[in-house]
Amino acid sequence: MYDFIFAGAGLANTLIAYEIKKARPQSKILMIDQRKEFKSNSHTWSFHLGDLPAESFESIAPFVDCRWEKYSVNFPSYTRTLDLGYCSIHSHNFYEKMLTHVKDSLQLDTRIVSVSKNTVTLQNDYKLQAKYVFDGRGPQKQNKSLGYQKFVGFDVTLKSPTPQIPMIMDNCCLQSDGFRFFYTLPWSEKTMLIENTYYSTNPKLSLEKERQLLYEYVQQKGWEIQKINRQESGVLPIIARYPSQENLFASGWKAGFFHPTTGYSFPVAYKFARELAAAWNNDENIEKFYANWVQKNKRNKSFFFLLNRLLFKAPPQQRYRILEKFYKLPPDTISRFYRGEIMKRDIARIFSGRPPMSISKAMKCFFEHMIIKPFMKGAS
Ligand SMILES: Cc1cc2nc3c(=O)[nH]c(=O)nc-3n(C[C@H](O)[C@H](O)[C@H](O)COP(=O)(O)OP(=O)(O)OC[C@H]3O[C@@H](n4cnc5c(N)ncnc54)[C@H](O)[C@@H]3O)c2cc1C
């Protein structure tokens with residue numbers, strides 16, 4: 001009998017396993033994944049420094065590959081540099097470093113058929129039991145989405161040095177296939193991640209077209225590519241309501257522990273991992289801890305589901321106006337937005353002025369949203 005079985009050895013469950021081992025090394029843990037290797041070269045996980053309390057950041061700092069003290073945004077009407085810290089983690093480094101901590105608990109190349117609160121069923125009806133089974137098998141296919149956040153990123157080496165400040169939203173590019181922007185992270189003087197991001201109703205991506213757009217963007221910036229080192233792509237559903245909760249313990253995307261509008265999940269996954277490990281270490285009632293955590297997370301996210309509706313119901317060529325206005329707000333509002341801890345006065349700031357769509361369409365979004373959940377309940 002295990003203390004914990006983690007179904008899926010992705011980002012969220014790996015963080016939990018790591019924190020549980022740290023808090024109580026004698027815990028009996030098993031982490032199962034269908035992947036053949038505990039590796040991934042396909043993600044850059046970024047987050048805002050303010051997303052995590054200082055002591056949590058110190059604890060995860062050894063896994064952070066790059067940290068910047070400021071970042072910029074660029075819209076047709078203005079450019080702004082914000083004194084807000086930003087961090088990135090390369091998935092290949094993350095899994096390599098984590099392997100030393102969790103390797104004794106790993107069972108790879110194993111497909112899970114189903115999970116319940118205490119049981120994992122593998123193929124041939126083979127069952128494993130634990131006090132707590134956490135389902136962290138990633139996004140649920142059945143979630144109805146309003147649209148998608150999709151992106152293709154290229155890690156490149158450039159011929160000459162470039163600015164050393166991340167550009168997390170460069171909207172000064174031709175708008176097509178929804179709302180579109182470039183995102184650049186300078187790893188070193190001459191190496192950089194350049195990512196084309198869309199908020200689109202179409203989940204399809206053409207890698208050939210993306211390469212062409214990359215070269216056009218680089219040329220527009222006056223840069224020159226020496227080499228493309230790596231490529232990453234992803235399509236994340238943008239949803240209008242909380243993922244349905246089955247009768248189990250879940251983590252990461254499966255549990256709805258992600259930012260509904262930006263798709264960032266690292267900070268909330270890590271906060272959950274730390275708090276669960278502390279609860280386990282203090283012999284708290286885990287069932288109660290989990291129920292409270294889910295409740296709190298739901299309340300904090302409600303506003304973002306309304307924002308998602310507005311973002312996708314606005315005409316594609318007007319969507320940028322929501323973000324253009326947003327990035328003019330005070331840094332502490334921007335910080336709380338990313339942290340998912342928005343306040344009533346932030347909501348008023350975000351929604352002040354004319355909506356980027358007809359009043360009747362905006363009212364419809366509010367109405368649909370209010371039927372699902374009154375968002376003001378979630379704001380403090
Ligand atoms: C290209 C890209 C860039 C991103 N950028 C960011 C970012 O900058 N910041 C950020 O915070 N987030 C980012 N995200 C989102 C983030 O990667 C995901 O939210 C995160 O990986 C979700 O973590 P998870 O643990 O829930 O799921 P995953 O990390 O997807 O892990 C799920 C695991 O479950 C395993 N699994 C699934 N089904 C089974 C089964 N039946 N049996 C056994 N194993 C199974 C899978 O193999 C996988 O290893 C990005 C996503 C993509 C695609």
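Both counts, for ligands and for their atoms, begin at 1 and track the order of listing. Computed over heavy atoms, backbone and side chain alike; hydrogens, waters and symmetry mates excluded.
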Cation over ring, K150 on Y198, under 6.0 Å and within 45°? yes

Measure up the W293 and F272 rings against each other and bin them: parallel (under 30°), tilted (30 to 60°), perpendicular (over 60°). perpendicular

In chain order, what residues pass the ring-ring contact (aromatic ring centres under 6.0 Å, His included) check against Y217, with sequence neighbours excluded? F182

Checking R349 against F337: charged group under 6.0 Å from the ring centre and within 45 degrees of the axis? no

So which protein residues pack against ligand 1 under 4.0 Å, heavy atoms counted? G8, G10, L11, A12, D33, Q34, R35, H43, T44, W45, S46, T110, R111, I112, G136, R137, G138, F151, E232, S233, G234, G252, W253, G263, Y264, S265, F266

Can you list everything that forms a salt bridge (charged side-chain N to carboxylate O under 4.0 Å, His left out) with E189? Sequence neighbours excluded, please. none

For M167, which fellow cluster members are found when Ile, Leu, Val, Met, Phe, Trp and Tyr are connected by side-chain heavy-atom distances below 4.5 angstrom, either directly or through intermediates? none

